[in-house]
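Please read these numbers as outputs of a predicted model, since none were measured by experiment.
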Amino acid sequence: MGGHPFGEAPGGSAGSSAGEPSGTSSGDCPDDSADAAGRERARRRGQGELEAQVLAALHHAPGPATAAWVQERLGGDLAYTTVMTILSRLHAKQAVTRERAGRAYAWTPAADEAGLAALRMRRVLDGEPDRDAVLTSFVSTLSAHDEQLLRSLLAAAGPARRSPGHHPATGHRPSDEARGG
């Protein structure tokens with residue numbers, strides 16, 4: 001864990017400052033269309049896609065990584081504050097962990113992309129007032145293979161996981177969910 005300069009690129013090149021997009025120049029493009037295209041590309045990416053890209057970068061890190069390290073790995077077309085926002089959201093979703101590294105945080109993935117997708121699915125389900133209808137609709141659209149896989153997973157989970165008052169999707173009892181836990 002220690003000893004790796006995660007805020008720097010391998011080879012010691014610091015690149016552009018955190019607030020400046022890399023590859024921009026003054027005067028090279030009269031209409032700055034290349035720079036505008038980079039910003040438009042960043043705007044079009046959805047939150048889920050950005051989260052997946054940040055998680056992928058963290059999975060390729062040799063250890064805990066700073067936001068600046070992640071920003072550099074994503075090509076520099078995202079602002080440092082955007083990377084920090086995504087990392088903070090992932091932390092709130094328990095998809096990453098963080099530890100102090102000087103004045104910054106060093107981030108580590110707690111979930112892979114499949115784990116992040118599962119967290120998103122659970123949050124959507126938890127936000128719906130008619131949970132039974134949502135699950136019924138979801139299950140009715142599964143392929144035969146997915147249905148069999150789901151049956152196998154539920155069978156492997158065992159009866160203790162499906163005891164009365166125990167919510168199988170979240171692992172919480174309904175009274176826990178009412179309290180926000």
Side-chain angles (χ1 to χ4, degrees), residues 1-23 38-39 41-128 134-135 138 142 145-146 149-150 152-154 156-158 161 166-172 176-177 179-181:
M1 277 200 200
H4 294 291
F6 294 115
E8 282 185 26
S13 164
S16 63
S17 69
E20 300 173 13
S22 64
R39 284 192 305 270
R41 213 174 30 253
R43 255 184 295 218
R44 278 192 233 138
R45 284 186 284 211
Q47 179 180 329
E49 183 183 348
L50 286 172
E51 289 175 350
Q53 289 174 350
V54 167
L55 271 180
L58 287 175
H59 279 287
H60 289 97
T66 64
W69 188 93
V70 172
Q71 178 194 25
E72 189 169 316
R73 292 318 175 277
L74 296 179
D77 66 337
L78 291 176
Y80 177 83
T81 54
T82 302
V83 174
M84 280 299 301
T85 298
I86 296 300
L87 286 166
S88 296
R89 287 180 181 161
L90 288 169
H91 185 257
K93 294 176 182 182
Q94 300 176 344
V96 298
T97 60
R98 67 183 183 192
E99 60 186 56
R100 276 282 183 199
R103 291 175 39 196
Y105 284 109
W107 305 84
T108 305
D112 58 9
E113 289 183 40
L116 180 60
L119 284 169
R120 284 195 306 262
M121 290 167 59
R122 190 180 78 217
R123 290 203 190 284
V124 167
L125 186 60
D126 288 347
E128 293 297 321
V134 173
L135 283 172
F138 176 72
L142 292 176
H145 176 264
D146 289 344
L149 177 60
L150 184 57
S152 298
L153 293 169
L154 288 170
R161 178 122 169 108
H166 189 266
H167 196 287
T170 63
H172 296 110
D176 293 340
E177 290 174 9
R179 289 192 305 263

Reported CG-to-CG distance for the pair Leu50 and Leu78, which is rounded to 0.5 angstrom: 5.5 Å
Provide the closest heavy-atom pair for Val96 versus Leu87 in the form atom of the first, atom of the second, distance. CG2-O, 3.7 Å
Using a cut-off of 6.0 Å, state whether more than 12 heavy atoms not belonging to His60 lie near its atom NE2. no
CD (Glu99) and OH (Tyr105) are apart, to the nearest 0.5 Å, by 11.0 Å
Spell out, as yes or no, whether a donor-acceptor pair under 3.5 Å connects the side chain of Glu51 to the backbone of Leu90. no
Distance, nearest 0.5 Å, that separates NZ of Lys93 from CZ of Arg89: 7.5 Å
Please find the pair of heavy atoms, one from Met84 and one from Ala67, that lie closest to each other, and give the distance. SD-CB, 3.4 Å
Residues Pro109 and Leu58: closest non-hydrogen pair is CD-CB, 3.8 Å
Only counting residues at least two apart or in another chain, list the ones meeting side-chain contact (heavy atoms from CB on, under 4.5 Å) with Val124. none
Minimum-distance pair of heavy atoms, taken over all atoms of Arg73 and Ala57: CB-CB, 4.2 Å
Shortest non-hydrogen contact from Leu74 to Asp77? O-OD1, 3.5 Å
Considering non-hydrogen atoms only, spot the tightest contact between Trp69 and Pro62 and give its length. CZ2-CD, 3.9 Å
Report the distance from atom OG1 of Thr97 to atom CH2 of Trp107, rounding to the nearest 0.5 Å. 9.0 Å
